[in-house]
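Hydrogens, waters and symmetry mates are skipped; everything else that's a heavy atom, side chains included, is used.
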Amino acid sequence: MKQQHLVVYNSLTGSKQAFEPLVPGQVGMYVCGVTVYDYCHVGHARVMVMFDVIYRWLINLGYTVNYVRNFTDVDDKIIARANERGIEMNALTDEMIEAFHVDADALGCLRPSHEPRATLHMDEMIAMIRALVDNGHAYVADSGDVLYAVRKFSGYGQLSGKNIDELESGSRVEVDEGKRDPLDFVLWKKAKPGEPSWDSPWGEGRPGWHIECSAMSCAHLGDSFDIHGGGMDLKFPHHENEIAQARAANHGDFARYWLHNGFVNINAEKMSKSLGNFFTIREIGERYHPEVLRMFMLGTHYRSPLDFSDVAMDAAKAGLDRLYETARRLGLKQHSSDNVSDSFAAAMNDDFNTPEALAALFDVCRRINKNLDSGADVSADMAAFYAMTDMLGIVQQDAQAWFQAGDVDAARIEALIDERNQARKDRDFARADAIRDELAAEGIVLEDGANGTGWKKV
RNA sequence: GGCAGGGUGGCUCAGUGGUACGGCGGAGGACUGCAAAUCCUUUAUUCGCGAGUUCGAUUCUCGCCCCUGCCUCCA
């Protein structure tokens with residue numbers, strides 16, 4: 001059954017739905033970014049990569065996409081880290097945002113249309129909080145904090161599929177003195193001495209975490225927009241609270257489709273900073289090309305858990321090498337746009353099923369190799385091959401460089417290859433094999449082809 | 001405890017009411033002086049367990065076992 005039109009799994013309804021944007025031809029998409037106090041780990045990478053693929057596919061479908069991904073650049077952890085390091089908060093967040101971009105670029109992620117920072121949207125946040133206070137959805141507690149009254153919002157719990165009473169019965173939340181309800185959350189936090197703060201109708205303070213996303217998404221995309229995404233762990237309470245704030249303050253529906261990606265696990269356990277079982281993108285980058293990490297992620301559907309391991313990364317590298325091998329045989333890349341195979345398109349249209357899309361890519365890859373072997377025409381398949389790899393954001397490097405990157409003395413290798421080929425011509429295979437073994441010991445593999453001998457680093 | 005998502009070959013990962021996609025790995029073959037790469041063949045009578053519905057279930061229903069996540073900050 002071919003899927004001609006995009007169907008997405010909407011966390012809000014718990015089912016797959018045909019995707020129909022609010023405005024035909026246009027998509028507004030907001031993805032929760034990161035809190036910038038440290039380097040990104042593999043879990044963050046998954047959000048970046050998967051929503052990058054979604055972004056690319058939406059564009060391919062012909063939509064004009066307004067893709068917004070925020071930076072949380074003020075919060076407790078940031079302040080604590082800045083104090084630890086003895087630097088200003090902004091110095092820390094600027095540094096981490098730059099690092100974020102380096103990592104995202106390395107992973108081959110396109111830049112979003114907008115990357116708003118919380119600290120640059122104080123006016124919007126304060127306006128939204130004021131609206132909530134004015135219409136009775138928020139109140140000023142004895143502590144001076146402004147809190148959101150969850151009981152005043154009838155739809156609370158719709159996204160996470162919970163109701164307030166259930167949440168409270170199993171709640172681990174400490175009951176705060178000033179709260180009218182244990183689930184009430186902070187909209188505006190009164191400043192403590194020495195903390196960064198902004199002026200507001202409720203005195204000096206700073207915004208709560210949830211309000212920034214409500215305010216920034218609506219500021220860039222309007223009170224109603226199409227897609228809101230992020231990691232599964234943000235579903236509750238973060239996204240639930242975003243909905244409560246935005247719908248109570250504005251008149252729109254807020255986000256209509258909610259997309260949540262699964263976690264990255266280590267030994268079947270969630271990778272997280274609190275558990276300390278995480279690898280940063282940079283650490284992985286020392287052992288694997290970032291594109292291997294991307295390939296690894298594409299092999300699993302975005303909503304499923306993804307178990308990170310060296311074995312899995314090695315397998316991803318082997319598969320990616322095979323694609324690069326084909327790219328190398330094809331030679332110069334022919335740019336193409338919408339030549340993806342039908343099965344690839346069907347897979348992507350079915351809630352961005354990248355594992356199935358990869359299967360479609362490998363089908364074409366195999367056919368190309370076969371036809372290249374037999375000398376048949378591959379032009380149509382080549383266009384499809386590159387259209388699909390571009391859509392997935394893989395095979396973006398020069399194929400020759402992919403295999404020959406690293407610390408190698410190419411001139412010396414070429415010289416040895418010449419020497420070996422002379423030996424082969426002289427049928428001195430002992431000498432020829434000795435040279436090959438010598439290079440193999442250095443991780444250089446020789447390949448004798450119809451057009452001479454090539455080499456690659458493994 | 002409540003809610004959510006899982007358990008598919010050596011590993012990994014899709015999928016479907018009619019005996020299972022792809023990748024990695026293994027085996028055999030073609031090619032090669034030998035390799036490497038590539039191609040071909042092959043690698044699950046079987047989809048956690050038990051029952052039910054059905055002509056037929058891995059796919060639907062029920063029960064059970066196990067795993068993970070969320071319910072607090074977390075992508």
Side-chain angles (χ1 to χ4, degrees), chain A residues 1 11 14 31-35 40-48 50-51 75-77 157 160-163 165-174 183 209 229-238 240 260-265 268-275 278 295-296 298-301 303-307 309 311-323 325-326 328-329 343 347 350 353-363 365-374 403 424 427-430 432-433 436-437 440 445-450 453-456 458:
Chain A
M1 176 176 63
S11 300
V31 174
C32 284
V34 295
T35 300
C40 290
H41 64 227
V42 179
H44 299 116
R46 191 175 191 194
V47 183
M48 298 181 210
M50 295 323 296
F51 281 96
D75 100 323
D76 290 346
K77 287 190 287 276
S160 50
K162 304 164 191 279
N163 65 53
D165 296 320
E166 275 175 359
L167 282 166
E168 288 185 359
S169 65
S171 178
R172 288 179 272 164
V173 181
E174 286 176 36
L183 290 174
W209 176 37
M232 208 81 93
D233 46 357
L234 296 183
K235 203 164 160 186
F236 188 90
H238 184 55
E240 194 69 61
H260 292 102
N261 65 275
F263 300 122
V264 174
N265 294 158
E269 206 176 38
K270 176 183 171 185
M271 176 183 290
S272 75
K273 295 202 173 176
S274 49
L275 289 171
F278 64 91
M295 180 72 179
F296 164 65
L298 295 170
T300 300
H301 185 84
R303 284 190 283 116
S304 299
L306 177 62
D307 237 44
S309 68
V311 176
M313 286 292 286
D314 289 341
K317 182 185 183 304
L320 188 55
D321 279 346
R322 184 147 150 244
L323 296 175
E325 197 68 58
T326 297
R328 185 162 71 158
R329 296 183 73 186
S343 50
D350 183 13
N353 193 331
T354 53
E356 211 170 278
L358 272 181
L361 173 59
F362 275 106
D363 284 344
C365 175
R366 183 178 308 104
R367 193 163 63 223
I368 289 173
N369 285 139
K370 198 194 298 190
N371 288 336
L372 245 26
D373 284 349
S374 69
F403 290 112
R424 290 172 71 210
R427 303 200 67 77
D428 179 1
F429 296 120
D433 291 349
R436 188 169 63 195
D437 291 346
V445 173
L446 299 188
E447 301 175 309
D448 299 322
T453 301
W455 62 275
K456 68 183 178 187
V458 292

Novice: Nucleotides 40-42 of chain B: which of its N/O atoms have a protein N/O under 3.5 Å away?
Specialist:
from: rC40(B); atom 1: OP1; to: K370(A); atom 2: NZ; distance (Å): 3.3

Novice: Should F51(A) and N261(A) count as side-chain neighbours, where that means a heavy-atom distance under 4.5 Å?
Specialist: yes
Novice: Which of these nucleotides, rA35(B), rU38(B), rC70(B), is closest to any side-chain atom of R329(A)?
Specialist: rU38(B)
Novice: So if I take every side-chain heavy atom of F236(A) and compare against rC70(B), rU38(B), rG33(B), which nucleotide ends up nearest?
Specialist: rC70(B)
Novice: Please report the distance, rounded to the nearest Å, between NZ in K456(A) and C1' in rA36(B).
Specialist: 7 Å
Novice: Report which part of the nucleic acid M271(A) touches: base, sugar-phosphate, or nothing (heavy-atom distance under 4.0 Å, all strands).
Specialist: base
Novice: Just compare rC71(B), rG25(B), rA35(B) and give me whichever is closest to any side-chain atom of K162(A).
Specialist: rC71(B)
Novice: How many whole angstroms separate atom NZ of K317(A) from atom C1' of rC24(B)?
Specialist: 13 Å
Novice: Return the stacking result for rG23(B) and F362(A): yes when the ring centres lie under 5.5 Å apart and the planes under 30°, no otherwise.
Specialist: no
Novice: So what does D433(A) hit on the nucleic acid, given a heavy-atom distance under 4.0 Å: a base, only sugar-phosphate, or nothing?
Specialist: base
Novice: Could you tell me whether the phosphate oxygens of rC24(B), OP1 or OP2, come under 4.0 Å of any side-chain nitrogen or oxygen in R322(A)?
Specialist: yes
Novice: Given atom CE of M232(A) and atom P of rC71(B), what is their separation to the nearest angstrom?
Specialist: 13 Å
Novice: Between C1' on rC3(B) and CD on E240(A), what's the gap in Å once rounded to a whole number?
Specialist: 12 Å
Novice: Provide, to the nearest angstrom, the distance between the CG atom belonging to D363(A) and the P atom belonging to rG22(B).
Specialist: 7 Å
Novice: Take the protein atom CZ of R424(A) and the nucleotide atom C1' of rG33(B), then report the distance between them rounded to whole Å.
Specialist: 8 Å
Novice: Taking only the P atom of each, what is the distance from rG2(B) to rA44(B) in whole angstrom?
Specialist: 41 Å
Novice: Measure the distance from CG on N265(A) to C1' on rC70(B) and round it to the nearest whole Å.
Specialist: 13 Å
Novice: Do the side-chain N or O atoms of K270(A) get closer than 4.0 angstrom to the phosphate oxygens (OP1, OP2) of rC70(B)?
Specialist: yes
Novice: Check nucleotides 12-15 of chain B for protein N or O atoms closer than 3.5 Å to its own N or O atoms and list the pairs.
Specialist:
from: rC13(B); atom 1: O2'; to: G299(A); atom 2: O; distance (Å): 3.2
from: rA14(B); atom 1: OP1; to: H301(A); atom 2: N; distance (Å): 2.7
from: rA14(B); atom 1: OP1; to: S304(A); atom 2: OG; distance (Å): 3.4
from: rA14(B); atom 1: O3'; to: N353(A); atom 2: ND2; distance (Å): 3.1
from: rA14(B); atom 1: O2'; to: E356(A); atom 2: OE1; distance (Å): 2.9
from: rG15(B); atom 1: OP1; to: N353(A); atom 2: ND2; distance (Å): 3.0

Novice: Write down the distance separating the C1' atoms in rG23(B) and rU43(B), rounded off to the nearest Å.
Specialist: 15 Å
